[in-house]
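Here the structure is laid out as structure tokens; the discussion comes afterwards.
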Amino acid sequence: MTRHYSLAQLAASIDATLVGDGECQISKIATLTQATDKDISFLANSKYRTQLETTNAGAVILSESDAEHFDGNKLVVKDPYIAYAKLAQLMDTTPRAAEGIHPSAVVHQSAKLGENVAIAANAVIEANVVLDDNVQIGAGCFVGNSAKIGENTKLWANVSVYHEVEIGKNCLFQSGAVIGSDGFGYANQSGKWVKIPQVGRVIIGDNVEVGANTVIDRGALDDTVIHNNVILDNLIQIAHNVEIGEGTAIAGASVIAGSTKIGKHCQIAGLVGINGHMEICDGVIITGMTMITKSITSAGVYSSGVPHSTNKEWRRNMAHLRNLTDFKQRLKALESLTEQLKTIDE
């Protein structure tokens with residue numbers, strides 16, 4: 001059922017300055033181009049300011065610098081994008097992952113369930129699992145022996161949490177995430193691969209979000225550790241014994257090899273590859289498709305991905321790249337000749 005909010009209620013919830021009709025009724029958030037008079041919209045990037053002239057939104061969230069460009073109802077804030085995020089949480093209509101405990105769920109008698117725990121159809125909760133208050137376990141999930149999940153954490157459908165994994169409070173796991181699978185540990189004996197059992201755990205802090213089909217491997221001996229407030233996008237591979245610092249964000253399809261330590265408040269874009277046994281310090285930003293082959297010890301922005309070009313230009317550049325060693329040798333020869341000529345002139 002759709003809820004309606006007065007503009008005054010919304011202004012109070014995000015500590016905004018209300019300009020206009022506080023009784024205006026708002027039912028949802030929409031883009032400037034699609035909003036109706038029952039919607040609230042926002043302008044977070046001034047390059048879209050011209051859309052204010054044609055929007056039908058009942059109200060718009062604006063910064064102080066953009067407020068003068070709109071004559072309708074508005075909520076004026078310091079950061080419109082943060083305000084939008086907070087209103088989106090308030091007006092969120094996403095359903096729960098589970099309601100009550102479904103008859104088809106298999107819950108071991110030794111499992112400890114807190115108050116208001118919900119477990120959906122066909123989920124399996126093994127021995128000695130601890131589910132704290134208000135945990136939601138979606139349909140088809142698996143929670144392995146002695147795993148612990150903190151209060152208010154939600155697992156969407158078909159999430160697998162292996163044995164002895166520990167997950168903190170207020171976390172969110174999208175469908176298909178796998179937490180605590182074996183790390184890629186093998187020894188080679190005369191061409192034959194000998195498996196190394198992975199006996200560490202995965203420890204996940206509070207307020208962590210993990211995207212769909214992302215995999216976090218358990219440690220080989222020590223634990224894989226994901227600290228508080230980390231956000232991981234879809235299709236990410238986190239190998240064994242990786243440690244990710246508080247507040248770090250990693251976008252989709254990135255891969256982190258084993259025993260790498262990533263600092264606090266880093267931002268790692270999509271399709272990034274990070275080699276193993278390295279350290280990345282706090283406050284590092286890595287742009288898309290970058291390959292990290294050595295430790296990073298200074299905060300800043302790092303890149304190595306090649307931007308796209310026309311096929312003709314790319315082929316020409318690749319041809320030049322293949323001749324780079326020859327170019328270097330010729331340049332050295334010219335430099336040597338230049339030095340000789342200088343000596344003659346003197």
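For the numbers below, each heavy atom of this structure counts, side chains included, while hydrogens, waters and symmetry mates do not. Not measured: the values here are computed from a predicted model.
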Would you sort out whether Thr293 and Met291 count as a side-chain contact (heavy atoms from CB on, under 4.5 Å), showing the intermediate values?
CA-CA 6 Å; Thr293 58; Met291 183 66 194; 3.9 Å; yes

No-hydrogen, no-angle side-chain donor-acceptor test under 3.5 Å, Asp66 and Ser46:
yes

Pairing donors with acceptors under 3.5 angstrom, does anything connect the side chains of Asp39 and Gln34?
no

Check whether any side-chain heavy atom of Gln136 lies under 4.5 Å from a side-chain heavy atom of Trp156, and answer yes or no.
no

Any Leu75 side-chain heavy atom under 4.5 Å of Leu7 side chain
yes

Flag side-chain contact, heavy atom, 4.5 Å: Thr325 against Asn323:
no

Using side-chain contact (heavy atoms from CB on, under 4.5 Å), reason through Thr153 and Leu131 one step at a time and then give a plain yes or no.
CA-CA 9 Å; Thr153 287; Leu131 304 180; over 6 Å; no

Student check: side-chain heavy atoms of Val60 and Leu32 closer than 4.5 Å
yes

Are a donor atom and an acceptor atom from the side chains of Asn158 and Ser175 found within less than 3.5 Å of each other?
no

May I ask you to decide if the ring planes of Tyr186 and Phe184 are parallel, tilted or perpendicular, using 30° and 60° as cut-offs?
perpendicular

For Ile274, the option from Ile296, Ile280, Thr290, Val255 that meets side-chain contact (heavy atoms from CB on, under 4.5 Å)
Ile280

Given the rule in the salt bridge (charged side-chain N to carboxylate O under 4.0 Å, His left out) test, do Asp182 and Lys195 qualify, once you have shown the distances and angles that lead to the verdict?
CA-CA 10 Å; Asp182 277 359; Lys195 183 174 178 58; 3.0 Å; yes

Checking side-chain contact (heavy atoms from CB on, under 4.5 Å) against Ile137, which of Leu113, Val161, Leu155 comes through?
Leu155

When hydrophobic residues are tied together by side-chain contacts of less than 4.5 Å, even through go-betweens, does Ile167 share a cluster with Val107?
yes

Tell me every residue that passes side chain to side chain donor-acceptor pair (under 3.5 Å) with Glu243, counting only those two or more places apart in sequence or in another chain.
His227

Between Gln198 and His240, do the side chains contain an N or O donor and an N or O acceptor separated by less than 3.5 Å?
yes

Heavy-atom pair of closest approach, residues Gly219 and Thr224:
N-OG1, 3.4 Å

Taking the side chain as everything from C-beta on, heavy atoms only, tell me whether Leu62 gets closer than 4.5 Å to Lys74.
yes

Between Asn56 and Thr36, does a side-chain hydrogen bond (donor to acceptor under 3.5 Å, both in side chains) hold up when you go through it step by step?
CA-CA 5 Å; Asn56 294 315; Thr36 72; over 6 Å; no

Note: Ser110 and Asn128 closest approach over all heavy atoms is OG-N, 2.9 Å

Closest heavy-atom pair and its distance - Gly263, Asp282
CA-OD1, 3.3 Å

Stepwise, does the salt bridge (charged side-chain N to carboxylate O under 4.0 Å, His left out) test hold for Arg96 with Glu99?
CA-CA 7 Å; Arg96 288 169 54 86; Glu99 295 286 353; 3.1 Å; yes

